[in-house]
Structure formats: C-alpha cells, structure tokens
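Structure first, then comments.
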Amino acid sequence: MAAATPDLWTLLDDPPDGLAGIADLYSWSLNYEARTGSPFGLYLDLIGWSLDELGESLTDLARLPLGYVELDKLTAALAEYVSQPQEAREFAARLVDLEARP
C-alpha cells in the first residue's frame, strides 16, 4: 500500500531536510494579497521556476513591499536553493501544486 501524499499544511510543518527556509518563506507569504505578489512569488521568479513553468514573472517588484523580515526569509530560502537546487525547486513546485488543489 502506497503512503499517502501529505497535504500542504503537513508538508509545511515537516519539510524535507534542509528546506525549512523555503517552507518558512511560503508560510510567511500567505499573509500577502495575490494582487501585490508575495516573497514566495519573488523566490519562484529568482530561481527561474515561474518563467519556466508559467512563461511569466509572478511579482512586480515595484508593488511588493519587502521589509527586513521578508528579505531575511528570502535569503534563507535562496541559500537552500544554492546548496540543493534540484531539491529546492522540486519542493517549491510541490508547494505550488498543493496550493492549487481544492
């Protein structure tokens, strides 16, 4: 019997090893309105996921309010991407996929 796929909240509470910063950035980004973009959307833009998968950027930097907390969380997530690019990209894509499910 195959193991059940974790839901979004379970995955955020227990992310893969070395990818807790991405989960934290995603969770923090839930506080943002879709129309202004989010730090997680900027992360997807910076790692090239949004252009590769959607054909366009998700974030308009001129409209995205970034403070020191957001920049710190973004830095941690990008550091994880630098050390584990494939795993980080797959995890980010999985979060986006789980968010889109009803």
Side-chain angles (χ1 to χ4, degrees):
M1 187 165 139
T5 302
D7 67 7
L8 177 62
W9 306 112
T10 302
L11 195 56
L12 290 173
D13 285 341
D14 188 22
D17 289 340
L19 301 178
I22 296 169
D24 183 45
L25 178 67
Y26 181 91
S27 294
W28 182 264
S29 294
L30 294 173
N31 295 310
Y32 284 75
E33 296 179 32
R35 65 182 174 78
T36 61
S38 72
F40 187 73
L42 178 57
Y43 172 78
L44 294 174
D45 289 347
L46 290 171
I47 68 169
W49 182 90
S50 51
L51 189 57
D52 290 346
E53 299 297 322
L54 305 174
E56 63 185 352
S57 295
L58 294 172
T59 308
D60 177 2
L61 273 176
R63 297 181 62 199
L64 180 62
L66 292 173
Y68 65 91
V69 172
E70 292 81 7
L71 292 172
D72 183 56
K73 291 178 182 299
L74 184 60
T75 299
L78 288 169
E80 291 173 354
Y81 177 75
V82 168
S83 66
Q84 303 179 74
Q86 188 62 36
E87 294 85 352
R89 193 175 170 101
E90 288 171 2
F91 181 56
R94 191 167 176 200
L95 291 173
V96 170
D97 181 53
L98 287 171
E99 180 182 32
R101 293 184 187 179

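Here the closest non-hydrogen pair linking Ala77 and Leu25 is CB-CD2, 3.8 Å. The shortest non-hydrogen separation linking Pro39 to Ser29 is CD-OG, 3.4 Å. In plain terms, the two heavy atoms of Leu44 and Ala92 that are nearest each other are CD2-CB, 3.8 Å. Closest approach of Ala88 and Tyr81 over heavy atoms only: CB-CA, 3.7 Å.
Tracing side-chain contacts under 4.5 Å through hydrophobic residues (I, L, V, M, F, W, Y), one reaches Leu64 starting from Leu71; they form part of the same cluster. Both Leu30 and Leu8 are part of a single hydrophobic cluster, where members link through side-chain heavy atoms under 4.5 Å apart. Ile47 is connected to Leu54 through a chain of hydrophobic side-chain contacts under 4.5 Å among Ile, Leu, Val, Met, Phe, Trp and Tyr, so both are in one cluster.
Rounding to the nearest 0.5 angstrom, the gap separating the CG atom in Leu66 from the CG atom in Leu42 is 6.0 Å. The CG atom of Leu58 sits 11.0 Å away from the CD atom of Glu53 when rounded to the nearest 0.5 Å.
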Exercise. Go through the steps to decide whether Leu11 and Arg94 satisfy the test side-chain contact (heavy atoms from CB on, under 4.5 Å), and finish with yes or no.
Key: CA-CA 9 Å; Leu11 195 56; Arg94 191 167 176 200; 4.0 Å; yes
Exercise. Let me see the working for Asp7 and Leu98 under side-chain contact (heavy atoms from CB on, under 4.5 Å), right down to the final yes or no.
Key: CA-CA 7 Å; Asp7 67 7; Leu98 287 171; 5.8 Å; no
Quiz prompt | Evaluation steps, side-chain contact (heavy atoms from CB on, under 4.5 Å), between Trp49 and Asp52 | solution = CA-CA 5 Å; Trp49 182 90; Asp52 290 346; 5.9 Å; no
Exercise. Assess whether side-chain contact (heavy atoms from CB on, under 4.5 Å) is satisfied between Leu74 and Leu78, documenting all intermediate values.
Key: CA-CA 6 Å; Leu74 184 60; Leu78 288 169; 4.0 Å; yes
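Residues Glu87 and Leu19 have side chains in contact (heavy-atom distance under 4.5 Å, counting atoms from C-beta outward). By the 4.5 Å heavy-atom criterion applied to side chains, Ile22 and Phe40 are counted as neighbours.
Looking at Arg63, its side chain never comes within 3.5 Å of a backbone N or O of Gly37 through a donor-acceptor pair.
Checked by atom type, the side-chain pair Glu80/Gln84 shows no donor-acceptor distance below 3.5 Å.
Sorted by first and then second residue, the pairs that involve residues 65-75 and meet side chain to side chain donor-acceptor pair (under 3.5 Å), not counting sequence neighbours, are Asp24-Lys73, Trp28-Glu70, Tyr32-Glu70.
Atom CG of Asn31 has more than 12 heavy atoms from other residues, nucleotides or ligands within 6.0 Å.
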